[in-house]
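Beneath this line is the structure, given in structure tokens, with notes to follow.
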There are 2 protein chains.
Amino acid sequence: MYKAPVEDIAFTLNHVAGLKQALGEGKLGDLSDDLVDAILLEAGRFASDAVAPLGDIGDKQGARLVDGKVEVPPGWDKLYRDWAAGGWNSLTASPDFGGQGLPHMLNVAALEMWNAGSMAFALGPTLTMGAVDALTAHGSDALKQIYLPKMVSGEWMGTMNLTEPHAGSDLGVMKSRAERRDDGTYRIFGQKIYITWGEHEVTDNIIHLVLARLPDAPAGTRGISLFLVPKYLVNEDGSLGARNDLYCHSLEHKIGIHGSPTCTMIYGDGKFGSEPGAIGYLVGEENRGLACMFTMMNNARLAVGMQGVAIAEAATQKAIQYAKDRTQGKAPGWTGSGMSPIIEHPDVARMLVTMKALTQGSRAICYSCAHATDMSHHAEGDEARHWAERAALLTPIAKSFATDAGVDVSSLGIQVHGGMGFIEETGAARLWRDSRIAPIYEGTNGIQAADLVTRKLPLSDGKHVRGFIGELKQIAEQVRGSNLEGFGETADRLAASLADLEQATDWLLERLAAGDSASALSGATPYQRLFGLALTGAYLAKAALAEEEHGRDKRLSLCRFTAENLLAETVALKDRVISGAESLKAARALFA
Amino acid sequence: MYKAPVEDIAFTLNHVAGLKQALGEGKLGDLSDDLVDAILLEAGRFASDAVAPLGDIGDKQGARLVDGKVEVPPGWDKLYRDWAAGGWNSLTASPDFGGQGLPHMLNVAALEMWNAGSMAFALGPTLTMGAVDALTAHGSDALKQIYLPKMVSGEWMGTMNLTEPHAGSDLGVMKSRAERRDDGTYRIFGQKIYITWGEHEVTDNIIHLVLARLPDAPAGTRGISLFLVPKYLVNEDGSLGARNDLYCHSLEHKIGIHGSPTCTMIYGDGKFGSEPGAIGYLVGEENRGLACMFTMMNNARLAVGMQGVAIAEAATQKAIQYAKDRTQGKAPGWTGSGMSPIIEHPDVARMLVTMKALTQGSRAICYSCAHATDMSHHAEGDEARHWAERAALLTPIAKSFATDAGVDVSSLGIQVHGGMGFIEETGAARLWRDSRIAPIYEGTNGIQAADLVTRKLPLSDGKHVRGFIGELKQIAEQVRGSNLEGFGETADRLAASLADLEQATDWLLERLAAGDSASALSGATPYQRLFGLALTGAYLAKAALAEEEHGRDKRLSLCRFTAENLLAETVALKDRVISGAESLKAARALFA
């Protein structure tokens, strides 16, 4: 059973992402070390003791559509209420609406723990938080007053309605439409698919944020507006009124996250109400809906990255336990009686250490991304811009590298379990199945790579990414200067990987400057992985350098393994970026 | 829907694996080109038209245990009978018992097609063929006369019973026991798990081959005997007699291959018959059961490798079709109206070409392995030994590289499908779920790697593997000498990868000679992948070099992409083999 790694989480937040320094410099208001520790400890307790035990039943039973109502798995109603009562929905929300105004770093760490307990469960709150963010940034005061307090407390949950059958990655072609009414409200019509937690009875009301197109809207993404569409209309006194004209038509049959109802939603076909059309309220300005989405996209993408970290952590814990308990054969050098625990076999050890390295690297990248977001909110002027660019740069890497790690690490977890991994009994299988959606939704990892290369590298004319690589090189120099024997060849290996990153970055910026985006995009995915691996090496080195007595040997050895085994891949990735485009172009003949 | 790629298969058999040359030199008896073509064409037709359409229902419905009887999915009874009536069960079996005595190469190609149609379905026949092989090699004449004709025709199916809860990779600790009876037969007692197609009503009888231990047997693997244990005893006239004392206790709930009943089998607990104990007949000699298994292990491992090739091929076909049909966004350079087919996006194209390369590389490796087996059977003396060593060397690479490719390629297939990939509708999800068992069973891929390094590299004192690498280098030189522009940098890239392979091989042989098996085993998995990638590069080059007008441009471009993108990884893998062991050893502190 998953046990939240609170110490690892706190250490990474404090010493890798920079929470300790930010606290020391007073950049996070009056937040104290002690409060941080207390929050992490309590989140860890709730995730381990309350969420994780209900993960398997959530998978086995799944969400079900029965007589038009969505039933969540047994125990999840109460679990959600207890979770919301603990204040976990409101960590980062504005105090103006009952939120706690805490840094994103803390919420991201908590999200990791909820997701490790049950990704399907954590998805509901994740979407609610996204809706709260969007409404806080763009809603009118009236809308905020009515909806935000109950969404922040968790009394009502929220959803995001973007995708349509022919509009997934490309929202510009969506067909859902909105009609203006005389009273300033709108009627919404259309079908939305893949709507996470789109319908259920867990909360009395569900607040849908829906993208739709006005009759006179320009074509493409500049003609999309955002609407708040509640399941039940809300009376002036805050009580619930009539059922709005929307419903869940069906649930998807998915590989994983079975406990999360993934709904096809129908708006405005006349099932409820006196005339067809779901009542909606404009959020932000007409035709600016996509801009509203973009303001929350970084947070949402990072939240998905946390799912990758969470799955990887849970899978690693499970595999280590199994490998210590299971005995088979005799490992080289084994002197015990009978069979060795399989953890003694070098190949199994290689899998487990790789799992640990990818998990901790992903965690460090994601937390560093949250740190940048927090810093951008607590700074002004150039400093704010610096951190906003850092968050923008790290977001696609965090999302993609961590979600790929989720799939890869949980697959290694299955392999460690042998035959037991392929049957559903141990739970290793569930983690792998759940993990597979994360590289797809909230922008596929290929789209993250395109975003990284074409939008993020050019920030400040490429100066931002170059400055960042410069910072990372300093870590390699600190390793070199530390003279700690446990680092092995880390300094050289890390420096070489950072040089690979630098060369690939220069090449991409040069291609973009030349207007050759096709070549740049051809190498986008290998580049994104190269960046993630180099960051993993740098951040694990930073962790090992931190002046902490407790557990230093372990951090050193994980850093060294990463440098001397995993970082070897960066030279191959750089080569694919720089030399791979021509042959890819030629190979398109295969599909002619 | 899967369409068997008969042309690709025939081309790879003939021009890469060496079938055409073997036919030309008369090394395969009186088998003709025409017969080969006819067999492949007919197998392709049956796989595409009969097997593939029943793959999805097999997954959705699955095998079920109802009132003690195992029900296979709807339509599978008839499918199996039609398949057996087509003679497909007997391709390689001995003509003495009704078999066709054809080369393994043909059976391996046919297995690819059955598995691509439905891996869960193909598993049953695969196990029967394994039982036929074992019985043919080690059974007494009496046993062969009674059982083989009906197992070769497919009238009866067969199973292999090895695994027990505490004896998976390490069979030496198995507990199932056999007691001698006065009439020369045995009574068998014990529990076996993960028994593929262990129980069903598709055939009138099921012939179980069961490993068990005699009371006076030595400890460990030298004390295991092999028994034939039929579900129904067979009377002297060949008619079926009493039900034997064995039954299926339960079916496993698995990630995939749902149509294949994976049984826990109970032998000898008194449920059937007048006294407890299933009647068994010794196969081979007492205490030599594991040796009997080893004679068929190469074929069984290669058969699992074919599952990887099959899944990869099916996933690639599905993804290409989807990527041509689905439109989203505008790819760079897209001049058509509206959105581009996603195949136009460089990142999607990269995924698809990678899928094709891994599929065709895996296929070439597996067919070459089957070719070596065939050559060893049709030669004598040194030549037979040469080819037996080649088959022994290629088997772990074929099994592991192809099954890893099955997982990786089907995962890319899901990614190409985006959100549609995560729901079960398209069938992309099923391929990924089915694929995951293949790197585990029939010896995990980690065990394949250990076998490759510690048993196969030392064959003929390392001369065999060195000679093989020498042959591969000649392919690189032929590329260099061809002056075909379409090869791009293939000659240099392939030569570099083969040099990586050579250095890693030398290092491993040196470590083994020094008695340092721990270091050698630490690098076994990266080495195995390095070998598979280098072979992929060499074999795709061999295909592109073949003097064939039709489709040469496509083969050249796939070869070039492989060389200029995928082979970049070999230098990293070599580095892990040679420099990775120390840090892995140090990192064990993480689990102390």
Side-chain angles (χ1 to χ4, degrees), chain A residues 168-170 173 194 252-255 320 328-329 332-333 339 343 346-347 349-350 353 356 414-415 418-419 421-424 429 436-437 439-441 444 446 449 488 517-518 521-522 524-525 553-554 557-558 560-561 564-565 568-569 571-572 575-576 579-580 583-584 586-591, chain B residues 168-170 173 194 252-255 320 328-329 332-333 339 343 346-347 349-350 353 356 414-415 418-419 421-424 429 436-437 439-441 444 446 449 488 517-518 521-522 524-525 553-554 557-558 560-561 564-565 568-569 571-572 575-576 579-580 583-584 586-591:
Chain A
S169 305
D170 188 344
V173 294
Y194 303 157
E252 301 291 358
H253 180 50
K254 309 185 295 287
I255 297 176
I320 291 172
Q328 281 300 269
M339 297 187 289
I343 203 168
D347 189 66
R350 173 179 286 277
V353 184
K356 255 201 173 305
I414 286 180
Q415 195 68 19
F422 192 67
I423 64 176
E424 296 285 352
R436 191 62 191 82
I437 185 59
I440 294 172
Y441 58 18
T444 66
S517 66
L521 286 168
S522 293
T525 286
D553 284 353
K554 292 192 177 187
S557 67
L558 188 63
R560 183 183 169 192
F561 175 86
E564 296 184 10
N565 276 277
E569 194 184 328
V571 66
D575 192 42
R576 272 175 215 173
S579 313
S583 63
L584 176 60
R588 294 205 181 184
L590 288 166
F591 309 119
Chain B
S169 304
D170 188 344
V173 295
Y194 303 156
E252 300 292 358
H253 180 50
K254 309 185 296 288
I255 297 177
I320 291 172
Q328 281 300 267
M339 298 187 288
I343 202 168
D347 190 65
R350 173 179 286 278
V353 184
K356 257 202 173 303
I414 286 180
Q415 195 69 19
F422 192 67
I423 64 176
E424 296 285 353
R436 192 61 190 83
I437 185 59
I440 294 172
Y441 59 18
T444 66
S517 66
L521 286 168
S522 292
T525 286
D553 283 353
K554 292 192 177 187
S557 67
L558 188 63
R560 182 183 169 192
F561 175 86
E564 296 184 11
N565 276 278
E569 195 184 328
V571 65
D575 191 42
R576 272 176 213 172
S579 313
S583 64
L584 176 59
R588 296 207 182 181
L590 287 166
F591 310 119

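- Between Lys554(A) and Ala589(B), the shortest heavy-atom contact is CE-O, 3.5 Å.
- For chain A, no part of Ala524(B) is nearby; none of its heavy atoms comes within less than 4.5 Å.
- Top candidate by heavy-atom pairs under 4.5 Å with chain A, chosen from Arg588(B), Arg436(B), Gln328(B), is Arg436(B).
- Heavy atoms only, all atoms of each residue included: Ser517(B) and Pro332(A) are closest at OG-CB, 3.9 Å.
- Remark: the backbone N or O of Gly329(A) is paired with a side-chain donor or acceptor of Asp170(B) at under 3.5 angstrom.
- Of all the listed residues (Leu590(B), Val571(B), Leu558(B), Val173(B)), the one sharing the greatest number of non-hydrogen pairs under 4.5 Å with chain A is Leu590(B).
- At a 4.5 Å heavy-atom cutoff, the contact between Val353(B) and chain A is made by backbone and side-chain atoms alike.
- Options Ala586(A), Ala568(A), Gly446(A) differ in how many heavy-atom pairs under 4.5 Å they form with chain B, and the most are formed by Ala568(A).
- One distance of note links CD1 of Ile423(B) with CD of Glu252(A); it measures 4.0 Å at 0.5 Å rounding.
- Asp347(B) CG to Thr444(A) OG1: the interatomic distance, rounded to the nearest 0.5 Å, is 7.0 Å.
- Counting heavy-atom pairs closer than 4.5 Å to chain A, the top residue among Gln415(B), Met339(B), Lys356(B) is Gln415(B).
- Per-residue counts of heavy-atom pairs under 4.5 Å with chain A were compared for Pro346(B), Gly168(B), Ala518(B); the largest is that of Pro346(B).
- Of all heavy-atom pairs spanning Gly488(B) and Arg560(B), the tightest one is CA-NE, 3.8 Å.
- Using a 4.5 Å cut-off between heavy atoms, Ile320(A) contacts chain B through its side chain alone, with no backbone atom that close.
- Put simply, the side chain of Arg350(B) gets close to the backbone of Ser522(A): a donor and an acceptor are under 3.5 Å apart.
- With respect to chain A, the highest number of heavy-atom pairs below 4.5 Å among Ile440(B), Asn565(B), Thr525(B) belongs to Asn565(B).
- A donor-acceptor pair is defined here as one N or O able to donate and one able to accept, closer than 3.5 Å; no such pair exists between the side chain of Ser579(B) and the backbone of Arg576(B).
- Residue Ile437(B) touches chain A through both its backbone and its side chain, counting heavy-atom pairs closer than 4.5 Å.
- The part of Tyr194(B) that comes within reach of chain A is its side chain, from C-beta onward, which places non-hydrogen atoms under 4.5 angstrom from that chain.
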